[in-house]
Amino acid sequence: MPPTSPASSASSASSAQPARPLVELHGADPDLVGVLSELFAAYRSGRPAPTHLVDLDRDLWAHLEELGLSRLTGSPERGGSGGTWADAAALLGIAAGAAAPVPLVEHDVLGGWLLEAAGLPDDGGLRTVCRPDPSGVALNVTWAREATHVVALWEDRDEWRVADVPLDHVALTERRNIAGEPSDTVEFDVDELEAGVVVSRGVGEQFHLRGALARSAQNVGAMERIVEIVLRHVAERTQFGRPIGRFQAVQHLISDIAAETALGRAATDAAVARASATNWTDPGMLFAVGVAKSCVGHGSSVVVRGAHQVLGAIGTTLEHELHTLTKPILARRSEYGSLHEWDETLTSLAVSAGHDRLWSLMTTGRAKAGRPSGHAVGR
Amino acid sequence: MAAGLLPPVPRELPALTDLRLEVRAFLAQQVRDGVFVPHVDTWLTRWDRDFTRELGRRGWLGMVIPEEYGGRGRTYLERFVVTEELLVAGAPVAAHWIAERQIGPSLLTYGTEEQKQAFLPAISRGELVFGIGMSEPDSGSDLASVRTRAERVDGGWRLTGTKVWTSGAHEADAFFALARTETLDPVRRHDGLSQFIVDLRGPDVHIRPIVSMDGDHHFNEVHLDGVFVPDYRVLGRLGAGWTQVTSELAFERSGPERVLSTFQLLASAAQAMEDGRLPLDEGLGRLVARVAGLHQMSFAVSHALEAHEPAETAAAVVKVLGTTTEGDIADYVDGLTATGWVEDEELFALLHAAILQRPGFTLRGGTNEILRGVIARGLGMR
Ligand SMILES: Cc1cc2nc3c(=O)[nH]c(=O)nc-3n(C[C@H](O)[C@H](O)[C@H](O)COP(=O)(O)OP(=O)(O)OC[C@H]3O[C@@H](n4cnc5c(N)ncnc54)[C@H](O)[C@@H]3O)c2cc1C
């Protein structure tokens with residue numbers, strides 16, 4: 001089921017017909033979204049009870065492979081489905097909303113993309129990704145123990161290299177993140193990293209941005225599912241003789257949860273649209289990704305805290321769905337740059353824009369209109 | 001949920017960006033020429049009729065009013081970007097704000113042909129200043145409880161009552177007064193209300209200033225002591241005042257002024273960090289991100305309104321988050337400043353104004369508590 005071409009439609013105004021189009025939409029392919037929603041709703045209702053340790057769901061992964069969803073963003077020449085970033089963001093959000101333990105970001109959005117950028121062959125085996133430090137060690141490599149290869153992005157003096165390293169060539173220490181997901185320590189043989197294929201600087205710089213935006217797309221999808229859970233709960237749970245959703249205090253907690261979720265969605269979709277429209281070449285990507293990371297990250301504090309408050313004691317139990325969403329949200333929001341680091345990046349962009357260029361930065365991602373600029377990114 | 005809560009976020013194309021740059025260049029020149037000093041919350045507190053008329057001459061007023069009524073026949077999206085540019089520049093826009101935002105659209109929807117001809121061309125030229133005649137001493141959040149009465153008289157109506165918190169009434173030519181045309185039916189409280197176009201310069205209208213805590217005067221109390229309003233100045237349908245005022249509030253609530261009232265302070269804080277006058281702090285980046293995200297959200301709402309798609313709940317979300325954030329900007333900068341930095345008069349002028357205007361941000365146009373109720377209803381909880 002290869003997704004259709006980008007759902008980009010020029011929309012113009014109704015009250016007048018301007019000579020040039022004013023805006024365009026870069027949403028995901030609606031047919032794809034329909035398929036994904038059904039698929040993951042079925043997954044959610046059919047899966048076993050939650051556990052506190054979470055391992056890869058191999059059956060689901062095999063199913064996604066059959067459907068062409070495990071390499072949604074890969075180019076068709078390499079067996080991928082040719083999906084846009086908007087399509088990918090939809091898949092990531094819906095899968096995260098179903099708490100599906102599958103490495104879509106690691107295998108497709110980052111790993112597959114790096115292999116493609118480096119012109120390395122892709123044998124279809126499960127990949128994860130990381131950026132080892134100068135000694136060849138990478139911490140918190142999600143799903144590493146489940147992969148056949150680890151795709152390493154390696155900063156070698158002035159050059160960026162990509163190496164596709166088989167799992168049996170690395171030393172792996174098993175660890176888990178706060179969500180109970182594999183988040184292993186991987187130690188490479190530095191010679192093997194140095195033998196990697198040189199890729200352009202742009203690839204090295206974009207890796208961090210792509211990872212951060214993918215994590216935001218997952219988190220906002222999980223936040224949207226939390227809103228559904230919370231709404232259903234307050235309609236069913238009765239205290240003082242009425243559904244607790246009738247109490248104004250509860251309504252206000254949920255309004256705030258929904259509002260933060262909507263803000264995170266707006267910021268994420270705006271960054272995804274910019275990425276889709278320009279294939280990540282827009283110099284404003286750093287700012288747009290930072291805005292998404294910051295809005296979703298801070299918003300998730302309100303959502304996680306508020307949802308647990310509204311759900312009461314039942315929401316803190318292992319059998320309840322809530323923690324399968326809240327814990328991964330907290331794990332993911334610190335990946336590809338902590339909230340603090342992203343706020344710092346945005347601060348330095350804002351400060352160097354200064355009084356007169358701040359608004360330009362906020363609307364285009366660039367402090368100066370029309371001037372393309374390459375910002376170095378943090379770790 | 002959320003699928004319905006946020007309309008699609010469109011991507012701005014060069015046609016809109018070019019319009020932005022044109023307005024931005026004009027405003028920068030006005031600042032250099034000393035026409036205005038950028039400030040915070042100018043859409044409520046800074047009237048400059050000359051400046052407003054100049055905007056009209058440049059085609060940046062009456063943008064969504066059709067040309068046959070003296071407007072520019074452009075789109076809500078084009079108006080949106082012009083509005084944002086005026087706000088971030090901290091320009092003196094109070095004189096036309098209310099007419100542009102809600103009076104023009106209401107007249108287009110509910111006005112008679114004669115009323116459109118009488119008001120819309122002057123609104124588009126920036127020559128007619130409007131206020132809002134909704135609140136009363138005993139009717140704030142519970143607007144349907146207004147007591148101003150309209151009594152049938154020969155050829156029209158006689159209005160008696162008191163409107164309050166009427167921003168800019170002392171500068172304004174007219175307002176829409178919400179009044180009871182039938183006695184209150186406790187089971188159908190929203191029935192029997194009507195809107196009247198009242199000439200604020202006419203006889204039997206008495207305007208008294210209410211001074212705000214910063215010593216400024218923008219609020220007023222407007223006493224209607226048996227004011228005669230002819231039949232042809234009834235707006236829309238008699239008895240349909242509630243529906244009309246609700247639609248007017250939708251325009252009042254959804255604009256970018258609910259996010260950008262303190263933008264000048266945010267921009268000045270960024271500059272002060274660059275210059276070392278404020279400590280470098282990552283709280284700035286967090287607020288910048290929120291305002292940028294809210295800009296995308298209110299753009300999405302504007303796009304939905306253009307396409308006549310429902311966006312009432314999304315507009316309420318923008319207003320709750322936006323008004324909170326614009327106030328948080330004031331509080332944030334206050335937390336970074338130490339007294340004794342007297343040389344920084346510009347920053348302090350913005351900061352103190354923002355702090356003292358802040359309480360109003362989350363009250364005006366419907367309080368955030370009321371709006372959370374609107375969101376809850378949109379989510380199906382009420
Ligand atoms: C700067 C500014 C400009 C204004 N300009 C105008 C103007 O030009 N024209 C005009 O007509 N009006 C204007 N207003 C008035 C504004 O619309 C009212 O202030 C607002 O509707 C709230 O009414 P109130 O002040 O009487 O507060 P109240 O309604 O008395 O509310 C007081 C507090 O109680 C809370 N509350 C009330 N009811 C509920 C409820 N059901 N559930 C939960 N909490 C509740 C409120 O949220 C608020 O926190 C202006 C107000 C301000 C601050």
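Reminder, nothing fancy here: chain letters follow the sequence lines and each chain counts from 1.
Ranked by non-hydrogen atom pairs under 4.5 Å with chain B, the options A/Ala270, A/Ser348, A/Ala267, A/Ala292 are led by A/Ala270. When each of A/Cys295, A/Ala353, A/Ala266 is scored by its heavy-atom pairs under 4.5 Å with chain B, the top score falls to A/Ala266. Top candidate by heavy-atom pairs under 4.5 Å with chain B, chosen from A/Asp256, A/Val272, A/Asp356, A/Asp343, is A/Asp343. Of the residues considered (B/Pro8, B/Gly380, B/Ala15), B/Ala15 shows the highest number of contacts with chain A, using heavy-atom pairs under 4.5 Å. Listed options B/Pro14, B/Ala376, B/Gly285 were ranked by heavy-atom pairs under 4.5 angstrom with chain A; first place goes to B/Gly285.
To the nearest 0.5 angstrom, B/Leu379 atom CG is 9.5 Å from A/Gln251 atom CD. Atom CZ of A/Arg20 sits about 9.0 Å away from atom CG of B/Leu13, to the nearest 0.5 Å. To the nearest 0.5 Å, atoms CZ (B/Arg24) and OG (A/Ser360) are separated by 5.5 Å.
By the 6.0 Å contact criterion, CD on B/Gln30 is enclosed, its count of non-hydrogen atoms from other residues, nucleotides or ligands being greater than 12. Atom CZ of A/Arg246 sits in a sparse spot, with 12 or fewer heavy atoms from other residues, nucleotides or ligands closer than 6.0 Å. Shown here is B/Arg382, whose CZ atom has more than 12 heavy atoms of other residues, nucleotides or ligands within 6.0 Å. Residue B/Glu369 qualifies as enclosed at atom CD: its count of foreign heavy atoms under 6.0 Å is above 12.
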>> side-chain contact (heavy atoms from CB on, under 4.5 Å), that's the test. Do B/Leu321 and A/Glu260 meet it? Break it down for me.
In response: CA-CA 8 Å; B/Leu321 293 177; A/Glu260 292 293 340; 3.6 Å; yes

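Only the side chain of B/Leu280 comes within contact range of chain A, with at least one heavy atom under 4.5 Å from a heavy atom of that chain. With a 4.5 angstrom heavy-atom cutoff, A/Ala350 touches chain B via backbone and side-chain atoms both. Looking at B/Arg377, neither its backbone nor its side chain comes within 4.5 Å of chain A, counting heavy atoms on both sides. For B/Val81, no part lies near chain A; criterion is any non-hydrogen pair under 4.5 Å. With a threshold of 4.5 angstrom between heavy atoms, A/His252 approaches chain B through its backbone and through its side chain. Looking at B/Leu287, there are no atoms closer than 4.5 Å to chain A (heavy atoms on both sides), in backbone or side chain. For a residue to count as touching a neighbouring chain, one of its non-hydrogen atoms must lie under 4.5 Å from one of that chain's; by this rule A/Val234 touches chain B with the side chain only.
When side chains are defined from C-beta on, B/Asp281 does not count as touching A/Thr347, because their heavy atoms never get closer than 4.5 Å. With a 4.5 Å cut-off on side-chain heavy atoms, A/Thr363 and B/His295 count as touching. Using a 4.5 Å cut-off on side-chain heavy atoms (C-beta onward), B/Arg11 and A/Leu25 make no contact. Here the side chains of A/Pro243 and B/Met381 are not in contact, with every heavy-atom distance at 4.5 Å or above. You'll find the side chain of A/Trp359 reaches within 4.5 Å of the side chain of B/Glu85, heavy atoms only. Counting heavy atoms from C-beta outward, A/Leu22 and B/Leu77 have side chains that approach closer than 4.5 Å. Proximity of A/Met362 to B/Val88: side-chain heavy atoms (C-beta onward) are nowhere separated by under 4.5 Å. Looking at heavy atoms from C-beta onward, A/Leu263 lies in side-chain contact with B/Met297 at the 4.5 angstrom threshold.
Using a cut-off of 4.0 Å between Lys/Arg side-chain N and Asp/Glu carboxylate O, B/Glu12 and A/Arg274 are scored as not salt-bridged.
Pairing each heavy atom of A/Val291 with each of B/Ala289, the nearest pair is CG1-O, 3.5 Å. B/Pro10 and A/Val23 get closest at one heavy-atom pair: CB-CB, 3.8 Å. Nearest approach of B/Val317 to A/Ala262, heavy atoms of both residues: CG1-CB, 4.4 Å.
Side-chain N/O atoms of A/His355 and B/Glu274 include no donor and acceptor closer than 3.5 Å.
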